[in-house]
Amino acid sequence: MSPKTLYDKIWDAHVAHESEDGTCLLYIDRHLVHEVTSPQAFEGLRMAGRKVRAPEKTIAVPDHNVPTTIDRANASTMTEESRIQVEALDKNAKDFGIHYYPVSDVRQGIVHIVGPEQGWTLPGMTVVCGDSHTATHGAFGSLAHGIGTSEVEHVLATQTLIQKKSKNMKVEITGKLRPGVTAKDITLSVIGATGTAGGTGYVIEYCGEAIRDLSMEGRMTVCNMAIEGGARAGLIAPDEKTFEYVKGRPHAPKGAAWEAAMAYWQTLFTDEGAHFDKVITIKGEDIAPVVTWGTSPEDVLPITATVPAPESFKGGKVEAAQRSLDYMGLTAGQKLTDIEIDTVFIGSCTNGRIEDLRAAAEILKGKKIKVKRAMVVPGSGLVRAQAEEEGLADIFKEAGFEWRLAGCSMCLAMNPDQLSEGERCASTSNRNFEGRQGYKGRTHLVSPAMAAAAAITGHLTDVREMM
Amino acid sequence: MEKFTKISGVAAPLPLVNIDTDMIIPKQFLKTIKRSGLGVNLFDEMRFDRQGNEIADFVLNKPAYRQAQILVAGDNFGCGSSREHAPWALADFGIKAIISTSFADIFYSNCFKNGMLPIVLPQEAVDVLMKDAEKGSNARIEVDLESQTVTSSDGQSFKFDVDAFKKHCLLNGLDDIGLTMEKAKSIDSFEAKAAMERPWV
C-alpha cells in the first residue's frame with residue numbers, strides 16, 4: 001500500500017460514495033450549528049418535508065449575535081433581528097431534536113470552543129459548521145472545515161457533503177520558539193509567508209517540533225487561521241497531548257470504547273514517504289511576535305518593523321496596500337510600535353481559551369491599562385468560570401478590563417460590541433478586514449500577550465520588553 | 001435552482017485583490033432568516049455612505065454598470081467568512097458570473113448552489129477582460145457554460161475549466177440534496193460499516 005498523509009487517511013475513511021468523475025459523498029461525523037448561517041437551512045428542510053438525518057451528531061449553540069454584557073438575560077439587550085435569529089435556533093433545535101446549549105447554559109460559548117470542550121470533537125472525525133473557522137477542530141487530527149448554508153442544509157438532510165479531494169500541503173515549523181512568541185505568531189507568520197490565497201485548493205498539515213511543543217489550545221489557534229491562508233482545512237496529527245485533552249470530556253468515549261478509539265487514533269499520522277503537493281518550512285527561531293498593519297491577514301510584520309510602502313509590493317497588491325494604509329490611517333515608514341491604540345479586545349475562537357487568558361493576565365498582573373477601553377470575552381461559560389477560579393478575572397478587572405460573558409463579540413461585531421469610526425483596536429481575533437469590527441474601525445491582529453502589552457502602554461508594543 | 005447556460009451582458013470591473021465576504025455583505029445584514037432581498041445591501045460600505053447616499057465613483061453606482069450581470073475581479077475574490085449571504089446578495093443584485101484569477105474555496109462552492117458561475121482564468125486573460133469591462137455598457141462579455149468559454153466584446157475567446165459535476169448541476173438547475181438522496185443506500189451502508197469500525201463516533 002502506498003504511504004498516505006493524515007488527510008488521505010481521514011478522507012478515505014469517510015467516502016460513502018464515489019462517482020466515476022471522482023466526486024465523492026463525504027460522510028460527516030459532527031455537524032456544528034449556530035444561529036446566523038442555519039435558519040435558511042432549517043427552513044429549506046421544512047419546505048421539502050425533510051428531517052435531520054442524524055440529530056445525535058448535530059450540535060447547536062448561539063454565539064455570533066448574543067450580547068456579552070452581564071445583563072444579557074434581559075431581552076432588551078439584543079436587537080429585534082438578533083433576538084429572532086436566536087429564537088429561531090431555539091425552536092429549530094427543539095423541533096429537529098438536536099443537541100443544544102442555549103444562552104442561559106453555562107456551557108454556552110463560541111461553537112469552536114464548545115465542541116472540543118464538550119468532547120464532541122475527536123481525532124479522525126469529519127467536522128463541519130456553517131462558519132469558516134471550523135478549521136479550529138483540525139488541531140485534534142480531525143478534518144474540519146466551514147461550509148455555506150446550502151451545504152448546512154445538505155448535511156442536515158443527508159449527513160454527507162458533495163466533495164472533491166483537495167491537495168496535500170505540509171507546513172513544518174522546525175525547532176523551538178523564542179520567548180514571547182506564541183501560536184498566534186506562528187499562524188500569522190505562515191499567512192504572511194504564503195499569502196491569503198497560498199493555501200487555496202489545499203488541506204494543510206502543520207508539523208514540526210514547534211507545533212508538537214504547543215498545547216492543544218495553541219494548536220487550535222494555529223489551525224483556526226488555516227482558512228485565512230485560503231486552505232480548506234488545517235490538521236495536526238493527534239498525540240499524547242491530544243488524548244490527554246480529550247479523555248474524560250462529557251462526550252468522549254469511555255471504558256472499552258476509549259481503548260478501541262485509542263487504538264484507531266494512534267494510526268492517525270502521515271506515513272513515512274507520503275506525498276505532499278506543496279511544502280513550506282519555517283524555522284521556529286525565526287518567528288517574532290507579529291502584528292498586522294493592513295486590512296488583510298497576510299499584512300503581517302514583526303513588531304520591530306515599520307509600516308511598508310505600497311510600492312514595495314507587486315501587481316494588484318500595490319493598490320490594495322495603498323487602500324489599506326488609507327483605511328488604517330498609517331504612513332509608510334512609521335514604526336509599528338509608535339501606533340497608538342484606543343481599544344483592546346481579547347477573545348474569539350482564535351484566542352478565547354483559558355491559556356490565552358492566562359498569557360494575557362501574566363502580562364497584566366498588577367498593571368493598569370492606558371487604552372480607552374479593554375475587554376475580555378471568554379470563549380465559553382466554562383472558560384469564564386475557570387478563569388474566575390484561577391484568579392485571572394480579578395487581574396483583568398483590576399487592570400481596568402471589562403469582564404464579559406461568552407460569545408463571538410467584537411471579532412465580527414454582530415452584537416453590540418463594535419468599534420466606532422476611526423477607533424483603533426489591538427485584537428486577538430482573526431480578521432482585520434475593512435469594517436470587520438465596526439464601520440471604519442481599525443484592527444491590528446496580535447497574540448493575547450501582545451494585546452495585553454498594548455493595553456498597558458497605549459500603543460503597539462513588543463511584549464518581550466515586558467517579560 | 002435557476003439554470004445557467006449562456007449569458008451576454010455588461011461586466012463591471014473590480015480590480016481590487018482580496019475582496020472579502022465582509023465587503024460583499026457586511027455583518028449587519030446577516031441577521032436575516034431569509035435568503036432573498038440582500039441585493040440592496042451588496043457591497044454596502046463601498047456603495048453607500050453612512051447616510052445611505054450612493055458613493056458616485058463606486059463601479060456599481062455608475063450608470064453603465066447598474067445592470068451588470070458579470071463581475072471581473074481581482075485575485076482571491078470572496079475570501080474570509082463562509083457566509084452564503086455573499087452569493088445571495090450578488091445573485092439578488094443580478095450578477096450571474098464572476099471572473100477572477102482565483103476564488104476562496106467556500107465562496108466558490110457557494111456560488112454553484114445559487115445558479116451563479118465563478119470562472120477562474122489566467123492573469124493575462126483576466127487583464128484583457130478587465131480592460132474590456134472598463135469600456136462600460138458598450139462592451140458586452142459573453143459567457144457560455146456548455147462550451148466553457150468567455151468571449152470579450154471584440155471577439156477574443158478564453159476557455160475555462162469547471163468541474164464536470166458542478167457544470168452538469170448548473171446547466172440543468174439541479175438540486176444537490178435531491179441528487180444525494182438518490183444515493184441513500186450508499187449512505188446507509190457506510191453508516192452501518194462505520195458504526196462497527198468506529199462505534200465511539
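All chains are named by letter (A, B, ...) in the order of the sequence lines, taking the proteins before the strands, and each is independently numbered beginning at 1. Here the structure is a predicted model, which means the values were calculated and not measured.
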[atom1]/[X]: more than 12 non-hydrogen atoms of other groups inside 6.0 Å:
X       : atom1 : value
B:Asp49 : CG    : yes
A:Lys91 : NZ    : no
B:Gln67 : CD    : no

Within the structure provided, determine whether [X] and [Y] are in side-chain contact (heavy-atom separation under 4.5 Å).
X        : Y        : value
A:Glu319 : B:Val17  : no
B:Ile33  : A:Glu43  : no
B:Ile177 : A:Arg50  : yes
A:Gln40  : B:Trp88  : yes
B:Val201 : A:Arg30  : yes
A:Lys317 : B:Asn18  : yes
A:His64  : B:Lys27  : no
A:His154 : B:Lys113 : no

Let me know if [X] has heavy atoms under 4.5 Å from chain B in its side chain, its backbone, both or neither.
X        : answer
A:Ala231 : neither
A:Glu421 : side chain
A:Lys254 : neither
A:Ser296 : side chain
A:Thr158 : both
A:His14  : both
A:Ser38  : neither
A:Ala256 : neither

Max heavy-atom pair count under 4.5 Å with chain B, selected residue of [options]:
options                                : answer
A:Leu122, A:Thr23, A:Ile147, A:Thr149  : A:Thr149
A:Leu25, A:Asp21, A:Val152             : A:Leu25
A:Asn430, A:Thr196, A:Thr200, A:Ile227 : A:Thr196
A:Glu153, A:His145, A:Gln418, A:Glu298 : A:Glu153
A:Ala260, A:Ser166, A:Gly230           : A:Ala260
A:Thr295, A:Thr134, A:Asp131           : A:Asp131

Residue pair B:Met23, A:Phe433: steps toward the side chain to side chain contact (heavy atoms under 4.5 Å, CB included) verdict
CA-CA 8 Å; B:Met23 283 182 180; A:Phe433 297 157; over 6 Å; no
Does B:Asp22 come within less than 4.0 Å of A:Arg431, counting only side-chain N to carboxylate O?
no
Side-chain ion pair, B:Glu191 and A:Arg53, N-O less than 4.0 Å
yes
If we define contacts as heavy-atom pairs under 4.5 Å, which of B:Met46, B:Lys34, B:Arg50, B:Glu197 has the most with chain A?
B:Arg50
Among B:Thr21, B:Asn110, B:Leu30, which has the most heavy-atom pairs under 4.5 Å with chain A?
B:Leu30
Given a strict heavy-atom distance threshold of 4.5 Å, which part of B:Asp176 is in contact with chain A: side chain, backbone, both, or neither?
both
Proximity breakdown for B:Asp175 and chain A, heavy-atom pairs closer than 4.5 Å
side chain
So, for [X] and [Y], which heavy atoms are closest and what is the spacing to 0.1 Å?
X        : Y        : result
B:Arg198 : A:Ala13  : NH2-O, 3.3 Å
B:Thr32  : A:Gln85  : O-NE2, 3.1 Å
A:Val15  : B:Phe190 : O-CD1, 3.6 Å
A:Ser132 : B:Ser82  : N-OG, 3.4 Å
A:Ala320 : B:Leu16  : CA-CD1, 4.0 Å
B:Ser109 : A:Glu151 : OG-OE2, 4.0 Å

Any donor and acceptor pair, going by atom type alone, linking the side chain of B:Lys31 with main-chain N or O of A:Met414 inside 3.5 Å?
yes
Check: B:Glu84 side chain, A:Ser150 main-chain N or O, donor-acceptor pair, under 3.5 Å:
yes
Mind telling me whether B:Trp200 and A:Trp265 have parallel, tilted or perpendicular rings, with 30° and 60° as the class edges?
perpendicular
